[in-house]
Amino acid sequence: MAGPDFEEAVRAVVRSLRPGDVATYGEVAAEAGFPGAARAVGNLLRRSTGLPWWRVVSAGGRLAPGAEAEHAARLQAEGVPFTGTGKVAPAALRRAR
DNA sequence: TATCTGACGATAG
DNA sequence: CCTATCGCCAGAT
């Protein structure tokens, strides 16, 4: 099942995210048809280019380790609310999808 | 085929 | 809110 399909599906889902809309890695994986592959999604987004990767966050609204500053900046630029502790507000995660 | 890696997720302390 | 652990998956070596 995995292979080109996985990459294609994940890219399609991430590309469908609109400004201000935030989804979790797990959500993207499930939406792409690979439930439980959240880790693989993160790995793919990390090396992939040309995708709104900043609209995808870890469960609980945590940002990508090693790029938190850029991640937060891009999200805030789209009007995404934060909880003050450097995490995306729970309300914003509900809108994802 | 076996083993390791990682922008994950959930739970426990 | 923090770190520590374990489980899960796709890709690379």
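Residue numbering restarts at 1 for every chain, and letters A, B, ... go by the order of the sequence lines.
Listed candidates were C:dA12, B:dA7, C:dA10. Nearest to the side chain of A:R47 is C:dA12. Comparing C:dC1, B:dA7, B:dG6 by their closest approach to the side chain of A:R46 singles out B:dA7.
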Between the protein and nucleotides 6-8 of chain C, list the N/O to N/O atom pairs that are separated by less than 3.5 angstrom.
| unit_1 | atom_1 | unit_2 | atom_2 | d |
| --- | --- | --- | --- | --- |
| C:dG7 | O6 | A:R39 | NH1 | 3.1 |
| C:dC8 | N4 | A:R39 | NH1 | 3.2 |

Tabulate atom names and distances for all N/O pairs under 3.5 angstrom spanning the protein and nucleotides 11-13 of chain B.
none

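Scanning for salt bridge (Lys or Arg N to Asp or Glu O under 4.0 Å) contacts around A:R62 gives an empty result, with sequence neighbours left out.
Summarising the geometry, the separation between CH2 on A:W54 and P on B:dA7 is reported as 18 Å, rounded to the nearest angstrom.
The 12-atom threshold is exceeded at CD of A:Q76, counting heavy atoms of other residues, nucleotides or ligands nearer than 6.0 Å.
Rounding to the nearest 0.5 Å gives a distance of 5.5 Å between NE2 of A:H71 and CH2 of A:W53. Rounding to the nearest 0.5 Å places CG of A:D5 at 5.5 Å from CZ of A:F34. Expressed to the nearest 0.5 Å, how far CD of A:E31 lies from OG1 of A:T24 amounts to 10.5 Å.
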Canonical and wobble pairing (Watson-Crick, G-U, under 3.5 Å) of DNA chain C, dot-bracket with |: .||||||.|||||

Show which side-chain atoms of residues 10-19 of chain A pair as donor or acceptor with protein atoms under 3.5 Å away, not counting sequence neighbours.
| unit_1 | atom_1 | unit_2 | atom_2 | d |
| --- | --- | --- | --- | --- |
| A:S16 | OG | A:V13 | O | 2.5 |

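Near DNA chain C, meaning a heavy atom under 4.0 Å from it, residues 66-78 of chain A has no residue at all.
Using a 4.0 Å cut-off between charged side-chain N and carboxylate O, A:E78 and A:R74 make no salt bridge.
Contact check, A:S58 against B:dC8: a side-chain N or O comes under 4.0 Å of OP1 or OP2.
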